[in-house]
Amino acid sequence: MYTTNELTKYPPASEFGQISRILVVEDEDLIREMLVLALEGEGYEVVAAVDGRVAVENLKNSEANSGESNFDLVILDLMLPQINGLDICRLLRHQGNPVPILMLSAKGSETDRVLGLEVGADDYLTKPFSVRELVARCRALLRRQRLSALLPAPVLQYKDVTVYPQECRVLVRGEQVNLSPKEFRLLELFMSYTRRVWSREQLLDQVWGADFVGDSKTVDVHIRWLREKLERDPSHPEYIVTVRGFGYRFG
(Lines give C-alpha, C1' and ligand atoms only; values in the text may rest on other atoms or scores of the structure.)
Protein backbone atom coordinates (compact mmCIF):
# COMPACT_ATOMS: atom_id res chain seq x y z
CA MET A 1 0.00 0.00 0.00
CA TYR A 2 1.32 3.45 -0.90
CA THR A 3 1.02 6.18 1.71
CA THR A 4 2.82 9.51 2.05
CA ASN A 5 2.07 10.11 5.74
CA GLU A 6 4.67 7.50 6.67
CA LEU A 7 7.55 9.66 5.36
CA THR A 8 10.29 10.55 7.80
CA LYS A 9 11.32 14.18 7.33
CA TYR A 10 14.93 14.28 6.24
CA PRO A 11 17.15 17.38 5.91
CA PRO A 12 16.32 19.24 2.67
CA ALA A 13 18.26 17.92 -0.32
CA SER A 14 19.75 21.40 -0.86
CA GLU A 15 21.68 21.06 2.39
CA PHE A 16 24.11 18.80 0.55
CA GLY A 17 25.23 21.64 -1.71
CA GLN A 18 22.89 21.30 -4.66
CA ILE A 19 19.36 20.17 -5.44
CA SER A 20 19.35 16.73 -7.05
CA ARG A 21 17.28 16.26 -10.21
CA ILE A 22 15.29 13.02 -10.50
CA LEU A 23 13.51 11.57 -13.54
CA VAL A 24 10.46 9.49 -12.55
CA VAL A 25 9.22 7.14 -15.29
CA GLU A 26 5.89 5.54 -14.33
CA ASP A 27 2.74 5.01 -16.40
CA GLU A 28 0.33 4.51 -13.45
CA ASP A 29 -1.01 7.98 -12.66
CA LEU A 30 -1.56 7.40 -8.94
CA ILE A 31 1.93 6.01 -8.32
CA ARG A 32 3.63 8.65 -10.50
CA GLU A 33 1.84 11.52 -8.76
CA MET A 34 2.59 10.03 -5.35
CA LEU A 35 6.29 9.73 -6.18
CA VAL A 36 6.50 13.29 -7.49
CA LEU A 37 4.74 14.62 -4.40
CA ALA A 38 6.93 12.65 -1.99
CA LEU A 39 10.24 13.50 -3.68
CA GLU A 40 9.42 17.18 -4.13
CA GLY A 41 8.47 17.22 -0.45
CA GLU A 42 12.02 16.07 0.31
CA GLY A 43 13.49 18.98 -1.65
CA TYR A 44 14.32 17.25 -4.94
CA GLU A 45 13.59 18.63 -8.41
CA VAL A 46 11.44 16.03 -10.18
CA VAL A 47 10.62 15.50 -13.87
CA ALA A 48 7.89 12.94 -14.64
CA ALA A 49 7.46 10.80 -17.76
CA VAL A 50 4.34 8.75 -18.52
CA ASP A 51 5.93 6.18 -20.85
CA GLY A 52 9.25 4.94 -22.17
CA ARG A 53 9.34 7.11 -25.27
CA VAL A 54 8.79 10.30 -23.26
CA ALA A 55 11.54 9.18 -20.84
CA VAL A 56 14.04 8.68 -23.67
CA GLU A 57 13.17 12.11 -25.09
CA ASN A 58 13.71 13.70 -21.67
CA LEU A 59 17.10 12.03 -21.38
CA LYS A 60 18.11 13.06 -24.92
CA ASN A 61 17.03 16.65 -24.36
CA SER A 62 18.95 16.73 -21.10
CA GLU A 63 22.15 15.64 -22.84
CA ALA A 64 21.60 17.98 -25.80
CA ASN A 65 21.27 21.00 -23.54
CA SER A 66 24.21 20.33 -21.24
CA GLY A 67 26.48 17.92 -23.11
CA GLU A 68 25.87 15.32 -20.41
CA SER A 69 22.88 13.99 -18.51
CA ASN A 70 21.78 16.47 -15.86
CA PHE A 71 19.60 13.91 -14.09
CA ASP A 72 21.16 12.64 -10.87
CA LEU A 73 18.82 9.63 -10.56
CA VAL A 74 16.26 7.77 -12.68
CA ILE A 75 13.34 5.94 -11.06
CA LEU A 76 12.24 3.55 -13.76
CA ASP A 77 9.16 1.33 -13.91
CA LEU A 78 9.79 -2.02 -15.57
CA MET A 79 6.52 -2.40 -17.48
CA LEU A 80 6.04 0.74 -19.60
CA PRO A 81 4.15 1.57 -22.80
CA GLN A 82 6.19 2.33 -25.95
CA ILE A 83 9.62 1.33 -24.58
CA ASN A 84 9.91 -0.87 -21.52
CA GLY A 85 12.16 -0.18 -18.54
CA LEU A 86 14.66 -2.92 -19.34
CA ASP A 87 15.28 -1.52 -22.82
CA ILE A 88 15.73 2.01 -21.45
CA CYS A 89 18.20 0.68 -18.89
CA ARG A 90 20.11 -1.22 -21.58
CA LEU A 91 20.18 1.88 -23.78
CA LEU A 92 21.59 4.10 -21.03
CA ARG A 93 24.32 1.63 -20.12
CA HIS A 94 25.15 0.94 -23.76
CA GLN A 95 25.68 4.68 -24.18
CA GLY A 96 27.96 4.70 -21.13
CA ASN A 97 25.54 6.78 -19.06
CA PRO A 98 26.38 6.06 -15.38
CA VAL A 99 23.27 7.73 -13.87
CA PRO A 100 21.96 5.66 -10.92
CA ILE A 101 18.80 3.71 -11.80
CA LEU A 102 16.22 2.53 -9.27
CA MET A 103 13.93 0.04 -11.00
CA LEU A 104 10.31 -0.46 -9.89
CA SER A 105 8.28 -3.52 -10.75
CA ALA A 106 5.27 -5.56 -9.74
CA LYS A 107 7.39 -8.60 -10.65
CA GLY A 108 9.10 -9.68 -7.46
CA SER A 109 10.63 -13.04 -8.40
CA GLU A 110 14.35 -13.58 -7.96
CA THR A 111 14.72 -14.04 -11.73
CA ASP A 112 13.12 -10.66 -12.43
CA ARG A 113 15.29 -8.91 -9.83
CA VAL A 114 18.44 -10.50 -11.19
CA LEU A 115 17.49 -9.54 -14.76
CA GLY A 116 16.92 -5.92 -13.76
CA LEU A 117 20.29 -5.72 -12.04
CA GLU A 118 21.97 -7.62 -14.90
CA VAL A 119 21.03 -5.00 -17.48
CA GLY A 120 22.48 -2.22 -15.35
CA ALA A 121 19.99 -1.11 -12.67
CA ASP A 122 21.60 -0.09 -9.37
CA ASP A 123 18.67 -1.05 -7.16
CA TYR A 124 15.31 -2.83 -7.49
CA LEU A 125 12.11 -2.23 -5.53
CA THR A 126 9.02 -4.43 -5.79
CA LYS A 127 5.50 -2.98 -5.84
CA PRO A 128 3.70 -2.28 -3.59
CA PHE A 129 6.46 -0.52 -1.70
CA SER A 130 6.87 1.77 1.29
CA VAL A 131 7.35 5.41 0.25
CA ARG A 132 9.72 5.86 3.16
CA GLU A 133 11.87 2.98 1.89
CA LEU A 134 11.86 4.40 -1.65
CA VAL A 135 13.01 7.82 -0.40
CA ALA A 136 15.73 6.16 1.70
CA ARG A 137 16.96 4.17 -1.28
CA CYS A 138 17.00 7.30 -3.44
CA ARG A 139 19.05 9.11 -0.84
CA ALA A 140 21.50 6.20 -0.59
CA LEU A 141 21.99 6.07 -4.38
CA LEU A 142 22.48 9.84 -4.60
CA ARG A 143 24.90 9.83 -1.68
CA ARG A 144 26.93 7.05 -3.29
CA GLN A 145 27.01 8.97 -6.56
CA ARG A 146 28.23 12.16 -4.86
CA LEU A 147 30.93 10.33 -2.91
CA SER A 148 32.24 8.63 -6.05
CA ALA A 149 32.35 12.00 -7.81
CA LEU A 150 34.53 13.39 -5.00
CA LEU A 151 37.08 10.59 -5.31
CA PRO A 152 40.00 11.00 -7.73
CA ALA A 153 39.11 9.35 -11.02
CA PRO A 154 41.31 6.27 -11.46
CA VAL A 155 42.40 5.25 -14.92
CA LEU A 156 43.32 1.61 -15.60
CA GLN A 157 45.84 1.03 -18.38
CA TYR A 158 47.38 -2.12 -19.80
CA LYS A 159 49.17 -2.00 -23.14
CA ASP A 160 46.60 -0.71 -25.66
CA VAL A 161 43.56 -0.97 -23.34
CA THR A 162 42.47 1.98 -21.18
CA VAL A 163 39.52 1.89 -18.78
CA TYR A 164 37.91 4.98 -17.23
CA PRO A 165 35.82 3.40 -14.42
CA GLN A 166 33.84 6.47 -13.40
CA GLU A 167 32.90 7.19 -17.01
CA CYS A 168 32.17 3.54 -17.91
CA ARG A 169 34.38 4.14 -20.94
CA VAL A 170 36.91 1.84 -22.62
CA LEU A 171 39.48 2.63 -25.29
CA VAL A 172 41.18 -0.14 -27.29
CA ARG A 173 44.07 1.00 -29.46
CA GLY A 174 42.71 4.53 -29.24
CA GLU A 175 39.17 3.60 -30.33
CA GLN A 176 36.19 3.60 -27.99
CA VAL A 177 34.40 0.26 -27.63
CA ASN A 178 30.94 -0.35 -26.17
CA LEU A 179 30.69 -2.98 -23.45
CA SER A 180 27.68 -4.37 -21.63
CA PRO A 181 27.60 -3.75 -17.84
CA LYS A 182 28.86 -7.27 -17.09
CA GLU A 183 31.59 -7.07 -19.73
CA PHE A 184 32.71 -3.75 -18.29
CA ARG A 185 32.80 -5.08 -14.72
CA LEU A 186 34.76 -8.14 -15.83
CA LEU A 187 37.32 -5.99 -17.63
CA GLU A 188 37.59 -3.56 -14.71
CA LEU A 189 38.21 -6.47 -12.31
CA PHE A 190 40.80 -8.05 -14.61
CA MET A 191 42.68 -4.79 -15.08
CA SER A 192 42.63 -4.01 -11.37
CA TYR A 193 44.51 -7.27 -10.75
CA THR A 194 46.60 -8.00 -13.84
CA ARG A 195 48.27 -11.40 -13.98
CA ARG A 196 46.02 -12.76 -11.23
CA VAL A 197 44.26 -16.02 -12.11
CA TRP A 198 40.51 -16.06 -11.46
CA SER A 199 38.34 -19.19 -11.38
CA ARG A 200 34.88 -19.08 -12.93
CA GLU A 201 33.34 -19.27 -9.45
CA GLN A 202 35.41 -16.30 -8.25
CA LEU A 203 34.40 -14.24 -11.29
CA LEU A 204 30.75 -15.11 -10.76
CA ASP A 205 31.00 -14.04 -7.13
CA GLN A 206 32.80 -10.77 -7.91
CA VAL A 207 30.82 -9.67 -10.99
CA TRP A 208 27.43 -11.40 -10.81
CA GLY A 209 27.15 -11.57 -7.02
CA ALA A 210 27.02 -14.41 -4.52
CA ASP A 211 23.26 -14.86 -5.05
CA PHE A 212 23.60 -15.45 -8.81
CA VAL A 213 21.47 -18.34 -10.01
CA GLY A 214 22.69 -19.85 -13.26
CA ASP A 215 25.40 -21.76 -15.07
CA SER A 216 29.08 -20.88 -14.65
CA LYS A 217 29.35 -21.12 -18.44
CA THR A 218 27.94 -17.60 -18.57
CA VAL A 219 31.49 -16.51 -17.62
CA ASP A 220 32.89 -18.25 -20.72
CA VAL A 221 30.29 -16.55 -22.91
CA HIS A 222 31.15 -13.09 -21.57
CA ILE A 223 34.88 -13.79 -21.89
CA ARG A 224 34.33 -14.70 -25.56
CA TRP A 225 32.41 -11.47 -26.15
CA LEU A 226 35.12 -9.45 -24.40
CA ARG A 227 37.85 -11.07 -26.50
CA GLU A 228 35.99 -10.18 -29.68
CA LYS A 229 36.09 -6.52 -28.63
CA LEU A 230 39.63 -6.38 -27.21
CA GLU A 231 41.81 -8.82 -29.10
CA ARG A 232 43.34 -8.43 -32.52
CA ASP A 233 42.89 -12.19 -32.94
CA PRO A 234 40.33 -13.58 -30.44
CA SER A 235 41.46 -17.16 -31.16
CA HIS A 236 44.99 -16.24 -29.98
CA PRO A 237 44.32 -13.77 -27.13
CA GLU A 238 47.07 -11.57 -25.72
CA TYR A 239 44.94 -9.96 -23.01
CA ILE A 240 42.44 -12.45 -21.55
CA VAL A 241 44.36 -15.71 -21.32
CA THR A 242 42.92 -19.11 -20.42
CA VAL A 243 44.85 -20.86 -17.66
CA ARG A 244 43.91 -24.46 -18.27
CA GLY A 245 42.47 -26.18 -15.21
CA PHE A 246 42.24 -22.92 -13.22
CA GLY A 247 40.39 -20.16 -15.06
CA TYR A 248 41.42 -16.86 -16.65
CA ARG A 249 43.97 -14.10 -16.17
CA PHE A 250 44.50 -10.70 -17.78
CA GLY A 251 47.95 -10.11 -19.26
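All values below were derived from every heavy atom in this structure, side-chain atoms included, with hydrogens, water molecules and symmetry-related copies excluded. The shown structure was predicted, so the numbers you read here are calculated from the model rather than taken from an experiment.
- Between W198 and Y193, the gap from one ring centroid to the other is short of 6.0 Å.
- L59 has its side chain within reach of L23: a pair of non-hydrogen atoms, C-beta onward, lies under 4.5 Å apart.
- Ion pairing between R232 and D160 holds under the 4.0 Å rule for side-chain N and carboxylate O.
- The minimum heavy-atom distance linking C138 with I75 is given by the pair SG-CD1, 3.6 Å.
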Trace of the salt bridge (charged side-chain N to carboxylate O under 4.0 Å, His left out) decision for E26 with K127:
CA-CA 12 Å; E26 170 61 65; K127 298 177 181 178; 3.0 Å; yes

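- Rounded to the nearest 0.5 angstrom, L37 CG and L35 CG are separated by 9.5 Å.
- Side chain to side chain, S20 and R146 meet the donor-acceptor criterion of an N or O pair below 3.5 Å.
- Looking at every heavy atom in both residues, L73 comes nearest to L102 through CD1-N, 4.4 Å.
- Without hydrogens or angle criteria, E231 side chain to Y239 main chain gives a donor-acceptor distance under 3.5 Å.
- At a threshold of 4.5 Å between side-chain heavy atoms, the hydrophobic network of Ile, Leu, Val, Met, Phe, Trp and Tyr places L86 and V50 in two separate groups.
- Separation of atoms OG (S180) and CG (L186) is listed at 8.0 Å; rounding is to 0.5 Å.
- Between K229 and E175 there is no salt bridge, since no side-chain N of the basic residue sits under 4.0 Å from a carboxylate O of the acidic one.
- Closest heavy-atom contact between G116 and M103: CA-SD, 3.9 Å.
- M191 and L156 get closest at one heavy-atom pair: CE-O, 3.5 Å.
- Interatomic distance, CD1 of I223 versus CG of L203, reported as 6.0 Å (0.5 Å rounding).
- Residues L142 and L134 share a hydrophobic cluster, clusters being chains of Ile/Leu/Val/Met/Phe/Trp/Tyr side chains in contact below 4.5 Å.
- Between Y44 and V36, every side-chain heavy-atom pair lies at or beyond the 4.5 Å cut-off.
- Both I101 and I83 are members of a single hydrophobic cluster when ILVMFWY side chains are connected at heavy-atom separations under 4.5 Å.
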For side-chain contact (heavy atoms from CB on, under 4.5 Å), just list the numbers for V25 and L104, CA-CA rounded to whole Å, side-chain angles, deciding distance to a tenth of an Å, and then say yes or no.
CA-CA 9 Å; V25 191; L104 307 178; over 6 Å; no

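- Taking the side chain as every heavy atom from C-beta outward, W208 and H222 approach each other to under 4.5 Å.
- Applying the salt bridge (Lys or Arg N to Asp or Glu O under 4.0 Å) rule to pairs touching residues 187-200 yields R200-D220, sequence neighbours excluded.
- The distance from atom CG of N84 to atom CG of D27, rounded to the nearest 0.5 Å, is 11.5 Å.
- A single hydrophobic cluster is not seen to contain both Y248 and W225; linkage of ILVMFWY side chains at heavy-atom distances under 4.5 Å, directly or through other members, places them apart.
- R32 contributes no side-chain N or O that, together with a main-chain N or O of A49, makes up a donor-acceptor pair within less than 3.5 Å.
- Taking both residues in full, the closest heavy atoms of Y124 and K107 are given as OH-O, 2.7 Å, listed atom of the first, atom of the second, then distance.
- Between D122 and R93, at least one side-chain nitrogen of the basic residue sits less than 4.0 Å from a carboxylate oxygen of the acidic one, meeting the salt-bridge criterion.
- Using a 4.5 Å heavy-atom cutoff, the side chains of V131 and M34 are in contact.
- Side chain of N58 to backbone of V54: a donor-acceptor contact under 3.5 angstrom is found.
- Residues E238 and K159 are in side-chain contact: their nearest non-hydrogen atoms beyond the backbone lie under 4.5 Å apart.
- You'll find the side chain of Y164 reaches within 4.5 Å of the side chain of L171, heavy atoms only.
- Between D72 and R21, none of the side-chain N atoms (NZ, or NE/NH1/NH2) sits under 4.0 Å from a carboxylate O, so this pair counts as no salt bridge.
- Checked by atom type and distance alone, the side chain of T242 never pairs as donor or acceptor with a backbone atom of R244 at under 3.5 Å.
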Might you work through the side-chain contact (heavy atoms from CB on, under 4.5 Å) test for L226 and L179, ending with a clear yes or no?
CA-CA 8 Å; L226 254 183; L179 303 183; 4.1 Å; yes

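- In the hydrophobic clustering of this structure, L80 groups with V47; members are Ile, Leu, Val, Met, Phe, Trp, Tyr whose side-chain heavy atoms approach within less than 4.5 Å, directly or through other members.
- Checking T162 against R173 by side-chain atom types alone, no donor-acceptor pair falls below 3.5 Å.
- Between the CD1 atom of I88 and the CD atom of Q82 there is a distance of 10.5 Å, given to the nearest 0.5 Å.
- Residues L187 and V163 meet the side-chain proximity criterion, which asks for heavy atoms closer than 4.5 Å.
- Under the 30°/60° scheme for interplanar angles, the aromatic rings of F250 and F190 are found to lie parallel.
- Shortest non-hydrogen contact noted between A121 and L117 is O-CD2, 3.5 Å.
- With values rounded to the nearest 0.5 angstrom, S105 atom OG is found 7.0 Å from D77 atom CG.
- We find that E57 and R53 are not joined by a salt bridge, their nearest charged nitrogen and carboxylate oxygen being 4.0 Å or further apart.
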